[in-house]
Amino acid sequence: MAEPGVLQREKGSRVASGSRTWVKIKQNYELYLFLLPAVLIYAVFKYYPMYGVQIAFKDFRASKGIWGSEWVGFEHFIRFFEAYNFWPIMENTILLSLYSLVFGFPVPIIVALMLNQMLAKRYKKFVQTVIYAPHFISTVVLVGMLGVFLSPNSGIVNHIIAFFGGEPVLFMASEGWFRPLYVLSGIWQETGFATIIYLAALAGVNPELHEAAVMDGASKWKRVKHVDVPSIMPTIIILMVLALGNVMSVGFEKAYLMQTDLNYAASNIIPTYVYELGIQKAQYSFSAAIGLFNAFINVVLLVTVNRIAKRLTETSLW
């Protein structure tokens with residue numbers, strides 16, 4: 001048992017630490033005022049809605065409210081796991097996200113490394129503007145553009161195919177073309193934004209490293225390989241951890257807008273399935289359970305990948 005004097009000293013140190021904290025807050029209150037809007041937004045729109053997550057464990061009835069609805073435990077989760085379309089939906093979600101990660105993640109890195117080696121500043125700025133512009137196109141407009149360009153009757157792509165003697169292809173109505181179109185359109189739209197992050201990281205590379213490599217006779221390729229890539233590797237790892245932690249979070253808007261009756265087998269993913277059940281069929285508890293399961297998988301993946309990255313590279317989110 002601790003002596004009374006020791007307890008008093010520990011209590012006094014805690015009080016002193018608390019007072020020092022309040023003094024620092026008062027001294028830097030302007031910074032906390034700037035932080036306050038972001039905290040309020042997250043509290044209102046992110047944390048407060050978590051109150052309603054409990055309907056995933058209840059047989060929710062709007063007339064009874066959340067607290068008045070009957071508690072059913074994991075019944076909705078078990079129902080989803082035993083559903084006939086559980087594995088097809090999981091496969092569609094995972095494959096679509098993995099394809100986007102495998103084919104889309106390296107592209108901004110390659111583009112940033114190429115732009116960083118350009119000497120013509122005007123041409124470099126022009127290329128940056130061109131590849132960054134699609135980021136500002138809304139998802140609705142993007143899918144509309146796909147429909148126009150890939151139309152079997154008036155689309156330019158099918159006109160080119162017909163010019164070379166081929167038959168028109170129903171791209172937007174084909175199950176086999178859904179994933180390639182989703183991934184390629186995502187690369188086209190988001191490469192420019194991600195490239196800016198890597199260019200900012202490359203701007204922080206010590207020029208003396210390049211000068212020393214030139215003195216040693218290193219070519220541009222070797223300088224990129226042994227100077228640029230290792231320098232931005234922490235940024236690459238952080239973004240990779242975030243991407244792997246969101247494997248199950250496939251964008252709902254584009255998948256739903258691209259979804260048709262003919263490509264439903266490939267385009268039916270967890271977000272669109274939750275929308276179908278929760279909004280169209282009013283199965284609120286069941287859809288909430290599916291969404292909660294999806295979020296839980298993302299958290300597990302994020303924590304696991306972060307720990308692996310920390311052990312292997314000593315770079316992590318926390």
Side-chain angles (χ1 to χ4, degrees), residues 17-18 21-22 24-81 83 86 89-90 93-94 96-97 135-136 138-140 190 193 197 238-239 241-257 268-307 316-318:
S17 176
T21 301
W22 280 110
K24 291 181 180 179
I25 293 176
K26 290 180 180 179
Q27 291 176 347
N28 303 282
Y29 73 93
E30 297 95 343
L31 300 178
Y32 288 96
L33 288 178
F34 277 113
L35 185 64
L36 183 61
V39 172
L40 291 176
I41 290 174
Y42 267 83
V44 174
F45 296 103
K46 297 293 184 180
Y47 291 102
Y48 178 71
M50 290 183 182
Y51 162 79
V53 171
Q54 59 183 302
I55 69 173
F57 305 94
K58 293 189 173 187
D59 184 16
F60 176 71
R61 294 290 183 270
S63 59
K64 297 181 179 179
I66 294 178
W67 285 105
S69 299
E70 180 184 358
W71 181 272
V72 295
F74 292 96
E75 179 181 325
H76 300 298
F77 295 91
I78 296 173
R79 175 186 167 192
F80 178 55
F81 298 151
F86 171 75
I89 292 174
M90 292 293 294
T93 305
I94 294 174
L96 195 61
S97 185
H135 176 73
F136 296 98
S138 68
T139 305
V140 177
E190 299 299 335
F193 181 80
I197 299 175
I238 292 298
L239 294 179
V241 170
L242 291 173
L244 289 173
N246 288 294
V247 166
M248 302 293 290
S249 297
V250 184
F252 161 77
E253 294 88 354
K254 187 163 69 171
Y256 180 74
L257 292 170
N268 188 26
I269 58 177
I270 289 180
T272 59
Y273 189 57
V274 169
Y275 173 81
E276 178 184 346
L277 293 177
I279 303 300
Q280 296 180 345
K281 298 183 179 180
Q283 298 184 28
Y284 303 116
S285 294
F286 188 37
S287 60
I290 299 173
L292 184 59
F293 164 75
N294 190 36
F296 175 77
I297 296 298
N298 279 331
V299 172
V300 172
L301 287 174
L302 179 62
V303 173
T304 303
V305 174
N306 185 72
R307 288 186 177 181
S316 61
L317 291 174
W318 64 83

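Positions are given from 1 along the sequence.
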Pairwise distance CG(L302) to CZ(R307) - rounded to 0.5 angstrom: 11.0 Å
Pairwise side-chain contact, I269 with Y273, heavy-atom cut-off 4.5 Å (strictly under): no
Ring geometry between Y284 and F60 (parallel below 30°, tilted from 30 to 60°, perpendicular above 60°): perpendicular
Heavy-atom check, side chain of L292 versus side chain of F77, under 4.5 Å: yes
Check: I55 main-chain N/O paired with S285 side-chain donor or acceptor under 3.5 Å: yes
Check: S69 side chain, G65 main-chain N or O, donor-acceptor pair, under 3.5 Å: yes
Side chain to side chain contact (heavy atoms under 4.5 Å, CB included) between V300 and T304, intermediate numbers included: CA-CA 6 Å; V300 172; T304 303; 4.0 Å; yes
Approximate separation, where rounding is to 0.5 Å, of F86 CZ and M90 CE: 4.5 Å
Side-chain heavy-atom pair L301, L244 within 4.5 angstrom cut-off: no
Partners passing side-chain hydrogen bond (donor to acceptor under 3.5 Å, both in side chains) against R79 (at least two apart in sequence or in another chain): Q283
With sequence neighbours excluded, residues passing side-chain hydrogen bond (donor to acceptor under 3.5 Å, both in side chains) with Y51: W67
Within 6.0 angstrom of F193 CZ, more than 12 heavy atoms from elsewhere: no
Close side-chain approach of I270 to V250, heavy-atom, < 4.5 Å: no
Qualifying residues under side-chain hydrogen bond (donor to acceptor under 3.5 Å, both in side chains), relative to N246, sequence neighbours excluded: none
Distance (rounded to the nearest 0.5 Å) between F57 CZ and E75 CD: 12.5 Å
Flag if over 12 foreign heavy atoms under 6.0 Å of CZ, F74: no
Reported NZ-to-CD1 distance for the pair K46 and I41, which is rounded to 0.5 angstrom: 10.5 Å
Evaluation steps, side chain to side chain contact (heavy atoms under 4.5 Å, CB included), between T272 and Y275: CA-CA 5 Å; T272 59; Y275 173 81; 5.5 Å; no
Partner set under side-chain contact (heavy atoms from CB on, under 4.5 Å) for V299, not counting sequence neighbours: V303
For K58, all residues meeting side-chain hydrogen bond (donor to acceptor under 3.5 Å, both in side chains), sequence neighbours excluded: none
Flag side-chain contact, heavy atom, 4.5 Å: V274 against S287: yes
Let me check something: any side-chain donor-acceptor pairs from residues 30-39 under 3.5 Å, sequence neighbours excluded? List them with distances.
none

Check: N28 side chain, K24 main-chain N or O, donor-acceptor pair, under 3.5 Å: yes
